[in-house]
Amino acid sequence: MVFPGSNCDTDAVYAVREVTGEPCDMVWHHETDLGRYDVMILPGGASFGDYLRSGALAAQSPVMRSMRDFAAGGGLVLGICNGFQILLESGLLPGTLFPNNVMEFRCQWANIKVENIRTPFTRLYEPGQVVRMPVAHGQGNYYVSPEVLADLEDSGRIVFRYVDETGNATKEANPNGSRNNIAGIINEGKNVLGLMPHPERCVDILVGGDHGKNVFLSMVQSLASGELASR
């Protein structure tokens with residue numbers, strides 16, 4: 001998907017085409033017919049210049065009305081960074097994102113623990129695997145009510161967590177102050193994933209690492225396996 005201000009859309013296209021070999025279209029935010037797609041990726045960037053709040057205006061785009069039906073029908077939806085913010089603003093995932101607690105933009109590599117491999121996005125990772133992915137955001141401080149946070153923890157819907165190199169979720173390993181070091185969550189249906197780290201920016205060792213490629217390869221394998229509900 002492409003919104004005015006998106007700046008990681010071509011990175012996502014590269015990850016899909018070069019890593020998975022699958023075809024990929026760039027879909028403008030005015031599009032309303034998503035029926036020909038199996039996966040929709042909401043990329044990072046500053047959609048609509050982050051006016052009002054990050055993702056707030058993009059969540060009102062025509063394509064997001066269709067996105068709700070797409071997700072309800074079992075289509076895979078991946079929201080990365082600003083895409084995660086859009087999913088939260090549109091109600092497809094619970095919670096919100098505040099400015100980083102350090103009150104500065106964070107652009108760095110982070111250690112991320114894969115907490116749940118029983119999703120269409122993480123099936124090719126190892127349980128508890130610690131991977132390295134870059135982060136680049138000023139508003140990634142994930143917040144949700146204590147009741148919902150407990151449910152996310154108990155139901156295994158926290159998919160990625162900021163950790164140190166040994167896999168411990170420490171305060172120092174958290175780049176933004178996110179509750180419980182949360183880096184990514186999934187919906188109840190396990191077909192909508194939002195995360196702040198950028199897997200599309202680490203699919204080739206030439207750019208510093210390739211730990212992100214399994215997100216895209218997992219989606220393709222999940223679709224090919226026929227385990228997902230037919231749309």
**Asked** Can any side-chain N or O of Asp11 pair as donor or acceptor with the backbone N or O of Glu200 at less than 3.5 Å?
**Response** no

**Request:** Given side chain to side chain contact (heavy atoms under 4.5 Å, CB included), test Thr10 with Met26 step by step and report yes or no.
**Result:** CA-CA 8 Å; Thr10 54; Met26 299 183 77; 4.2 Å; yes

**Prompt:** Are Leu52 and Phe3 in one and the same hydrophobic cluster, where Ile, Leu, Val, Met, Phe, Trp and Tyr link if side-chain heavy atoms are under 4.5 Å apart?
**Reply:** yes

**Request:** Determine the minimum heavy-atom distance between Ile41 and Ala12, stating which atoms define it.
**Result:** CG2-CB, 4.2 Å

**Request:** Identify the two heavy atoms, one from Leu92 and one from Ala71, that lie closest to each other, and give their separation to 0.1 Å.
**Result:** CD2-CB, 4.2 Å

**Message:** Measuring from atom CD of Glu188 to atom CG of Asp151, what distance do you get when rounded to the nearest 0.5 angstrom?
**Reply:** 6.5 Å

**Message:** Nearest 0.5 angstrom please: Gln139 CD to Thr96 OG1, how far?
**Reply:** 7.0 Å

**Request:** Can you sort out the partners of Ser145 under side-chain contact (heavy atoms from CB on, under 4.5 Å), two or more places apart, ordered by chain and number?
**Result:** Glu147, Val148

**Message:** Please give me the minimum heavy-atom distance between Val207 and Cys202, naming the atom from each residue.
**Reply:** CG2-CA, 4.4 Å

**Asked** Should Lys190 and Arg157 count as side-chain neighbours, where that means a heavy-atom distance under 4.5 Å?
**Response** no

**Asked** For Tyr125, what residues pass the ring-ring contact (aromatic ring centres under 6.0 Å, His included) criterion, not counting sequence neighbours?
**Response** none

**Message:** Just so I know, are the side chains of Met67 and Phe70 near enough to count as touching, which here means a heavy-atom distance under 4.5 Å?
**Reply:** yes

**Request:** Could you give me the CA-CA distance, side-chain angles and deciding distance for Asn7 and Asn82, then say whether side chain to side chain contact (heavy atoms under 4.5 Å, CB included) is met?
**Result:** CA-CA 10 Å; Asn7 62 31; Asn82 187 230; over 6 Å; no

**Prompt:** For the side chain of Arg179 and the backbone of Tyr143, is there at least one donor-acceptor N/O pair under 3.5 Å apart?
**Reply:** no

**Prompt:** Considering only heavy atoms from C-beta outward, does the side chain of Asn191 approach that of Leu76 to under 4.5 Å?
**Reply:** yes

**Item:** Minimum heavy-atom distance Ile158-Glu115, with the two atoms named
**Value:** O-CB, 3.2 Å

**Prompt:** Should the heavy atoms of other residues, nucleotides or ligands under 6.0 Å from CD of Glu126 be counted, would the total exceed 12?
**Reply:** no

**Request:** To the nearest 0.5 Å, tell me how far Ile86 CD1 sits from Met64 CE.
**Result:** 6.5 Å

**Prompt:** Side chains of Gln108 and Pro175: closer than 4.5 Å at any heavy-atom pair?
**Reply:** yes

**Prompt:** In terms of hydrophobic clusters joined by side-chain contacts under 4.5 Å, are Val220 and Met40 together?
**Reply:** no

**Asked** Looking at CZ of Arg123 and OG of Ser222, how far apart are the two atoms once the value is rounded to the nearest 0.5 Å?
**Response** 4.0 Å

**Prompt:** So, the side chain of Ser218 versus the backbone of Leu124: is there a donor-acceptor pair under 3.5 Å, distance only?
**Reply:** yes

**Message:** With a 4.5 Å cut-off on side-chain heavy atoms, are Ile80 and Pro199 touching?
**Reply:** yes

**Item:** Minimum heavy-atom distance between Gly44 and Cys81, given as atom pair plus value
**Value:** CA-CB, 4.1 Å

**Item:** Residue pair Cys24 / Val13: nearest heavy atoms and the distance that separates them
**Value:** SG-CG2, 4.0 Å

**Request:** Step by step, work out the side chain to side chain contact (heavy atoms under 4.5 Å, CB included) result for Leu217 and Thr20.
**Result:** CA-CA 6 Å; Leu217 292 172; Thr20 73; 4.1 Å; yes

**Single hit among Leu34, Val192, Leu193 for side-chain contact (heavy atoms from CB on, under 4.5 Å) with Val77** = Val192

**Prompt:** Is Thr122 reaching over with its side chain to a backbone N or O of Asn116, donor-acceptor style, under 3.5 angstrom?
**Reply:** yes

**Asked** So which of Asn174, Asn176, Asn181 actually passes side chain to side chain donor-acceptor pair (under 3.5 Å) with Tyr162?
**Response** Asn176

**Message:** Given 3.5 Å as the limit, does a donor-acceptor pair link the side chain of Ser90 with the main chain of Leu87, or not?
**Reply:** yes

**Request:** Indicate whether any N or O donor in one side chain lies under 3.5 Å from an N or O acceptor in the other, for Thr166 and Asn168.
**Result:** yes

**Message:** Test your reading of the model: is there a side-chain donor-acceptor pair from Asn100 to the backbone of Met103, 3.5 Å cut-off?
**Reply:** no

**Asked** Going hydrophobic residue to hydrophobic residue with side-chain gaps under 4.5 angstrom, can you get from Val163 over to Ile185?
**Response** no

**Item:** Side chain to side chain, Asp210 and Val19, heavy atoms closer than 4.5 Å
**Value:** no

**Item:** Backbone N/O of Trp109 and side chain of Arg132: donor-acceptor pair under 3.5 Å
**Value:** no

**Request:** Kindly compute the distance separating NE2 (His198) from SG (Cys8), expressed to the nearest 0.5 Å.
**Result:** 5.0 Å

**Request:** Find out whether Glu165 and Val130 are in side-chain contact, i.e. whether some heavy atom of one side chain is under 4.5 Å from a heavy atom of the other.
**Result:** no

**Message:** A quick test of your reading: do over 12 heavy atoms of other residues, nucleotides or ligands sit less than 6.0 Å from CZ of Arg118?
**Reply:** no

**Request:** Check whether any side-chain heavy atom of Pro197 sits under 4.5 Å from a side-chain heavy atom of Val135, and report yes or no.
**Result:** yes

**Complete:** Those residues at least two apart in sequence (or on a different chain) that pass ring-ring contact (aromatic ring centres under 6.0 Å, His included) with Tyr51 are none

**Request:** Look only at the side chain of Thr119 and the backbone of Phe121, and say whether a donor-acceptor pair between them is shorter than 3.5 Å.
**Result:** yes

**Asked** Is there a chain of hydrophobic side chains (I, L, V, M, F, W, Y, each step under 4.5 Å between heavy atoms) that links Val2 to Tyr37?
**Response** no

**Message:** Once you measure the plane-to-plane angle for His29 and Phe48, does it fall in the parallel (<30°), tilted (30-60°) or perpendicular (>60°) bin?
**Reply:** perpendicular

**Asked** Roughly how far, to the nearest 0.5 Å, is CD of Gln221 from CG of Asn214?
**Response** 9.5 Å

**Prompt:** When you measure from the side chain of Asp50 to the backbone N and O of Arg53, does any donor-acceptor pair fall under 3.5 Å?
**Reply:** no

**Request:** Determine whether Val39 and Val203 fall in the same hydrophobic cluster, where Ile, Leu, Val, Met, Phe, Trp and Tyr are linked whenever their side-chain heavy atoms lie under 4.5 Å apart.
**Result:** yes

